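These notes are about the structure you will find just below.
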Amino acid sequence: MKSKKANSNNNNLMLFIVESPTKSKTISNILNSFNYKASVVATLGHIKDLPVNNLGVNIKDGFKPIFLFLPYKKKIVNNILNKIEDKMSIVIATDPDREGEAIAFHIANEIKNYIKLKNLKDIHISRAFINEITYNGIKKGLENLGDINVSMVISQFARRVSDRLIGYKISPVLWQAFKLKGLSAGRVQTATLKLIVDKEKEILSFKPRTFYTFKVVVDINNKKVEFNLMNKEKEIFKVFENEKEKLDFIELKLRELISKEVVFEVLNEDRYIKPLPPLKTSTLQQEAAKLGFSASKTMSIAQRLFEGIKIKDKHFGLITYHRTDSVRVSKEGIELAKSILGDIKIHRFSDKSMFDAHEAIRITYNLDLNLLRNYLNQEEFKIYLLIYNRFLAAFDYEAKYYYQVIKSNNLIDDLYLFYESGKIYFNGFLRFLPDYINNFPIFNKDYIDLKDGVYNFKIIDFKVLKQKESYPSRYSISSIIKKMEETGIGRPSTYANTINTLLKRNYIQIKKNTIYPTELGIKVCDFLISKYKELLDIDFTAFLESKLDDIEKSNKDIANKLYLNLLTEIYNILLSEKKGFLLKKNN
DNA sequence: CAGTGAGCGAGCTTCCGCTTGACTT
């Protein structure tokens, strides 16, 4: 073994490149156990980007992007290059997604230039796809080394250049139209702003109507039980203010029923509640928002938990990576759940993750919570607990409950009396998420001891409740992030940034976790949508994604052609709108 | 001759997405 290692020392020289430095230590240990003499280095995300001060897109030369080093990245890249030696294998293991592929492309170019410059020999560059930082994840990645996927890189360029053209061509139109410095527009921020403005308009134009509902009190074994008057579809029956005759009719009929016996059917069922999936970026931000954390605050706390803490001279990264859109849990995570819970159940959760570069956000060690409380501040501990509870809940058993529905015969014109209740008899995952049952109103009602069957019960009384339709509610931080994710606007790394940008531009205000558009926000949004609906409305991102998908799936030549088509199409829209704007101004 | 002002040109804002760390409070 010793001689073999010495023998192959040079062949096993490896430079392993990832994005996040926090992962490098773990990876380094795993690679050493494979007998590689590896150094693991991190790019810290993108190394190159379009210039900030100008468009950076050569429109006449087929929309060719001009990429420059981001600040401080030249130094990081130089540090990586300095580690390259003869007879080394270089493995680029940036995240397995569109952005990661572009990072791989840029770093590979730098490496190739360096090799030429220094005249280095026997260097092999390859691309690895690592879905999880575990022994098996790395092993699998190294067994299936490949090359950089050029079409995927072109698709990332298309995404980047689209966003640049839209942002940098439209924002100046705003400066001119509003005579204000620093206004901005973009595919993500303007679509998000529109969600908020649309909601405000919905509220403004909403005219709440007054309506009446009916509760009927029934005597069941000397207990007064309140039933709802509902239609066949189990919707509460409403009579609106202008339907006076209907109201009188129902009241009359109900009055006639007082002291009368009515036929009811009782049905009891065994039902269960499935656990919630573990957290991902969007849901973590949503849950934390309910505790009063802003999205960016949540992310900086999660970053600290990810980087971890020292306990008795040993370092513990406390959670998995916190920027993810997946609820998948790695084998290692499942083992961890098993070691904590003993007995686990694997549930299937629907997962619409687009790239799945990272698994769900979960805890990484079975650490004593009381011990941890001493090492974390209050905020960190709260966020850790959210992650802890959702992770363990996801592997726990369903909660089980008795469900009961009591339904009358046809009472009046296809209207029925309904009573629904539930009683939990097995907590299951609810031991980790006790508040979750508040989402089910049936558990607030008494479960009545009645066997299945047909009964006669006496009607005692009824109540007519006067109510007003409630206004649509404005977005909270939590619900806007949910909506952004549902509509596909933005990515896990940018939900928080987008909200901050809208705040910084004074397009929105947040008061008591409620998001209001400002007057400026509404004006800017209306102006932009009237002129650039095609590019800035909510569904443009879905359109763009489908085009990017086409590019990614094509061979290089077709991908280049599709790239040109897409950007020409976008540019033409920008051009025609701008012309229209100038014409109108001159008139 | 000196003061005024027209006219011109330069410089500035801006996008989305991937990562931390260097700042301040």
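Computed from a prediction, not measured in an experiment: that's the story for all the values here. Hydrogens, waters and symmetry mates are skipped; everything else that's a heavy atom, side chains included, is used. A note on names: the letters A, B, ... follow the listed sequences, proteins ahead of strands, and every chain is numbered from 1.
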Under 4.0 Å, counting only non-hydrogen atoms across every strand here, what does [X] touch: a base, just sugar-phosphate, or nothing?
X      : value
A:A102 : nothing
A:G186 : sugar-phosphate
A:L183 : sugar-phosphate
A:D95  : sugar-phosphate
A:T501 : sugar-phosphate

- Query: Do A:F381 and A:Y375 make the cut of ring centroids closer than 6.0 angstrom?
  - Reply: no

Which whole-number value in Å describes the distance from [X] [atom1] to [N] [atom2]?
X      : N      : atom1 : atom2 : answer
A:Q189 : B:dT14 : CD    : C1'   : 8 Å
A:K504 : B:dT13 : NZ    : C1'   : 13 Å
A:I76  : B:dG21 : CD1   : P     : 9 Å
A:L50  : B:dG17 : CG    : C1'   : 11 Å
A:F69  : B:dT19 : CZ    : P     : 19 Å
A:H358 : B:dC18 : NE2   : C1'   : 9 Å
A:Y507 : B:dT13 : OH    : P     : 15 Å
A:L502 : B:dT14 : CG    : P     : 14 Å

For a quick test of your reading: what N or O donor-acceptor pairs under 3.5 Å do the side chains of residues 63-81 of chain A make, sequence neighbours left out?
from, atom 1, to, atom 2, distance (Å)
A:K73, NZ, A:L44, O, 2.8
A:K73, NZ, A:H46, O, 2.6
A:N78, ND2, A:K74, O, 3.4

Where the side chain of [X] is defined as all heavy atoms beyond and including C-beta, which of [options] is the nearest nucleotide?
X      : options                : answer
A:T22  : B:dC18, B:dT20, B:dC15 : B:dT20
A:S184 : B:dC12, B:dT20, B:dT14 : B:dT14
A:K181 : B:dC15, B:dC18, B:dT13 : B:dT13
A:R491 : B:dT20, B:dT19, B:dG17 : B:dG17
A:S171 : B:dC18, B:dG21, B:dC15 : B:dC15
A:R323 : B:dG17, B:dT20, B:dC15 : B:dT20
A:S493 : B:dG21, B:dT14, B:dT19 : B:dT19

Stacked cation flag [X] on [Y], 6.0 angstrom / 45 deg:
X      : Y      : value
A:R390 : A:Y388 : no
A:K511 : A:Y516 : yes
A:K310 : A:F316 : no

- Listed partners of A:F543 passing ring pair (Phe, Tyr, Trp, His ring centres under 6.0 Å), at least two apart: A:F540

- Query: Using Watson-Crick and G-U wobble pairs with both distances under 3.5 Å, what is the 5'-to-3' dot-bracket string of DNA chain B, with [ ] for crossing pairs and | for pairs outside the strand?
  - Reply: .........................

- On DNA chain B, more 5' by nearest nucleotide between A:L180 and A:K48 is A:L180

- Item | First encountered from the 5' end of DNA chain B, between A:R187 and A:E307 |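 Going by which nucleotide is closer to the 5' end, it is A:R187.
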
Please tell me if [X] has a side-chain N or O lying less than 4.0 Å from either OP1 or OP2 of [N].
X      : N      : value
A:S162 : B:dC15 : no
A:Y321 : B:dT20 : yes
A:R505 : B:dT14 : yes

- Task: Examine distances only and state if a side-chain atom of A:T324 and a backbone atom of A:E359 form a donor-acceptor pair shorter than 3.5 Å.
- Result: yes

- Message: Assess whether a salt bridge exists between A:R127 and A:D147, defined as any Lys/Arg side-chain N lying under 4.0 Å from an Asp/Glu carboxylate O.
- Response: no

- A:W175 over B:dT13, stacked by centroid distance under 5.5 Å, angle under 30°: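 It does: the two rings, one from A:W175 and one from B:dT13, meet the stacking criterion.
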
- Query: For A:K523, does the NZ atom have more than 12 heavy-atom neighbours from other residues, nucleotides or ligands under 6.0 Å away?
  - Reply: no

